[in-house]
Protein chains: 2
Amino acid sequence: MDYNAILELLRQKGYRLTQARKQVIRILTTNTQFLGAYDIHNLLEKENIHIGVTSIYRVLDLLKKLDLVRSEEFGAGGERFRLQGNEEQHEHSHQLICSQCGRQEEWVGECPITDLAEKLEHTSGYQIEEHWLRFFGLCPQCQEL
Amino acid sequence: MDYNAILELLRQKGYRLTQARKQVIRILTTNTQFLGAYDIHNLLEKENIHIGVTSIYRVLDLLKKLDLVRSEEFGAGGERFRLQGNEEQHEHSHQLICSQCGRQEEWVGECPITDLAEKLEHTSGYQIEEHWLRFFGLCPQCQEL
DNA sequence: CTCCTTATTGATACAATGTTTCAATAAGGA
DNA sequence: TCCTTATTGAAACATTGTATCAATAAGGAG
């Protein structure tokens, strides 16, 4: 789903196409990494575009409600957001995160967890919505330091 | 490792047995849940014991350095700490977290990830230190609301 | 038991992330 | 072009976390 498709979807649902929404969506469509609200704020400030932090959070909440972005939290720095479908590849993916420099990599492959989640639903009574699988370690560069 | 054993270990290593250390360790030994620094602070305040937040962080850092506590982050609320060995059972465990009420449960069983981690070390070049496996969903109680 | 050294504490100030409130603004249909 | 109202953003505040530094107390020496 690209920039214009998202705007069209918002329009169809009766949401106004405001500067705040257009700018945040633009940033999200051009980034495959997870970004925090303040990351987005800073990127926009660099372009001399001033959107209040409050509004950025509101746009992100809206996009999340519409299931257009997914959010996660790893380590410090709060919630981070990424457009659905902006995974490096579009299979179910997980993260490999460097504990030194914070570099994130997608790790794609068939997921050994999906089956497990189903079993767990039965044994635990939980209605499982999602799962995280994260590996932390030193990336090749940081091992050399 | 219980309260006295930890104090003895600190003493042996030349650390002073201060109020701050003793109180934080006491709270940790009597809780199997992951606790944030401010959780610990609040629990102590309730008992009318006043330990500065700064000191609580310092004790937690020390215990982490000595590998006596493990820390994780899930959802909002920052880093949370738990005594090593305070898992509900002492096998390798993962969490089941209610996305509504925040209830955490240990989920214990043979871990399907350990093998995967080893393979991943070879293919990615990362020196993997740990992994997280978290399931999020509605717990039985919250499903009824 | 008392004194002394210094490891440790905690108040304060500050930084980053996030939420609430409400008057001002601008989107877009009439 | 005007009007309605959805949307914005400034400000005040809450939470989590860190840096600084003078005051304190732990515990060994005498």
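To find a chain, count down the sequence lines: A is the first, B the second, and so on, and within it residues start at 1. What you see below is based on every heavy atom in this structure, not just the backbone, and it leaves out hydrogens, waters and symmetry mates.
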Chemist: Applying salt bridge (Lys or Arg N to Asp or Glu O under 4.0 Å), can you list everything that pairs with Arg16(A), at least two apart in sequence or on another chain?
Modeler: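 With neighbours one apart ignored, the set is empty.
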
Chemist: Under 3.5 Å, which donor-acceptor pairs do the side chains of residues 36-44 of chain B form with other protein atoms, sequence neighbours left out?
Modeler:
from     : atom 1 : to       : atom 2 : distance (Å)
Asp39(B) : OD2    : Gly36(B) : N      : 2.8
His41(B) : ND1    : Ile51(B) : O      : 3.0
Asn42(B) : ND2    : Tyr38(B) : O      : 3.2

Chemist: Locate the shortest heavy-atom distance separating Val69(A) from Leu60(A); write the atom from each residue and the value.
Modeler: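 Scanning both residues completely, I find the closest heavy atoms to be CG2-O, 4.0 Å.
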
Chemist: Suppose the criterion is salt bridge (Lys or Arg N to Asp or Glu O under 4.0 Å): which pairs have a residue in residues 48-60 of chain A, not counting sequence neighbours?
Modeler: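 Passing the test, one end in residues 48-60 of chain A: no pairs.
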
Chemist: Check side chain to side chain donor-acceptor pair (under 3.5 Å) between Glu72(A) and all other residues, then give those that pass, not counting sequence neighbours.
Modeler: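 So Glu72(A) forms a side chain to side chain donor-acceptor pair (under 3.5 Å) with Arg70(A), Arg134(A).
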
Chemist: When clusters are formed by joining ILVMFWY residues with side-chain heavy atoms under 4.5 Å apart, either directly or through shared neighbours, do Ile27(A) and Tyr57(A) land in the same one?
Modeler: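 Not linked; separate clusters.
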
Chemist: Tell me which nucleotide among dT17(C), dT16(D), dG9(D) gets nearest to the side chain of Ala20(A).
Modeler: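 The closest nucleotide is dG9(D).
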
Chemist: Rounding to an integer number of Å, can you tell me how far Lys22(B) NZ sits from dT9(C) C1'?
Modeler: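 Taking NZ of Lys22(B) and C1' of dT9(C), I get 15 Å after rounding.
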
Chemist: Atom CD of Glu79(A) to atom C1' of dA16(C): distance rounded to whole Å?
Modeler: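 Going from CD in Glu79(A) over to C1' in dA16(C) covers 15 Å.
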
Chemist: Give the residues of residues 39-52 of chain A touching DNA chain D, defined as any heavy atom closer than 4.0 Å, sorted by residue number.
Modeler: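 Within residues 39-52 of chain A, the residues near DNA chain D are His50(A), Ile51(A), Gly52(A).
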
Chemist: Going by side chain to side chain donor-acceptor pair (under 3.5 Å), name the residues that satisfy it together with Lys22(A), two or more places apart in sequence or in a different chain.
Modeler: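 For Lys22(A) there are no side chain to side chain donor-acceptor pair (under 3.5 Å) partners, ignoring immediate neighbours.
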
Chemist: Please tabulate the protein-to-nucleotide N/O contacts below 3.5 Å involving nucleotides 24-30 of chain C, giving atom names and distances.
Modeler:
from    : atom 1 : to       : atom 2 : distance (Å)
dA27(C) : N3     : Arg16(A) : NH1    : 3.1
dG28(C) : OP1    : Leu17(A) : N      : 2.6

Chemist: Which residues satisfy the side chain to side chain donor-acceptor pair (under 3.5 Å) test with Thr54(A), sequence neighbours excluded?
Modeler: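 Once residues adjacent in sequence are excluded, Thr54(A) has no partner under the side chain to side chain donor-acceptor pair (under 3.5 Å) criterion.
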
Chemist: Look at the side-chain heavy atoms of Ile, Leu, Val, Met, Phe, Trp and Tyr, link any pair under 4.5 Å apart, and say whether Ile49(B) and Ile25(B) land in one connected group.
Modeler: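 Yes; tracing contacts between hydrophobic side chains, which count when under 4.5 Å, links both residues.
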
Chemist: What would the secondary structure line of DNA chain C be in dot-bracket form, counting Watson-Crick and G-U wobble pairs under 3.5 Å, with [ ] for pairs that cross earlier ones and | for pairs with another strand?
Modeler: ||||||||||||||||||||||||||||||

Chemist: Going by heavy atoms closer than 4.0 Å, what residues in residues 53-64 of chain A are next to DNA chain C?
Modeler: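 The stretch gives Thr54(A), Tyr57(A) as the residues lying under 4.0 Å from the strand, ordered by number.
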
Chemist: Any side-chain heavy atom of Leu68(A) within less than 4.5 Å of one from Leu28(A)?
Modeler: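 No, their side chains stay 4.5 Å or more apart.
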
Chemist: Who pairs with Glu121(B) by side chain to side chain donor-acceptor pair (under 3.5 Å), at least two apart in sequence or on another chain?
Modeler: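 Here no residue qualifies.
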
Chemist: Answer whether the closest heavy-atom distance between the side chains of Met1(B) and Leu83(B) falls below 4.5 Å.
Modeler: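 No; the side chains remain at least 4.5 Å from each other.
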
Chemist: Which pairs count as salt bridge (Lys or Arg N to Asp or Glu O under 4.0 Å) when at least one residue sits in residues 46-55 of chain B, sequence neighbours excluded?
Modeler: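 Non-adjacent pairs meeting salt bridge (Lys or Arg N to Asp or Glu O under 4.0 Å): Arg26(B)-Glu47(B).
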
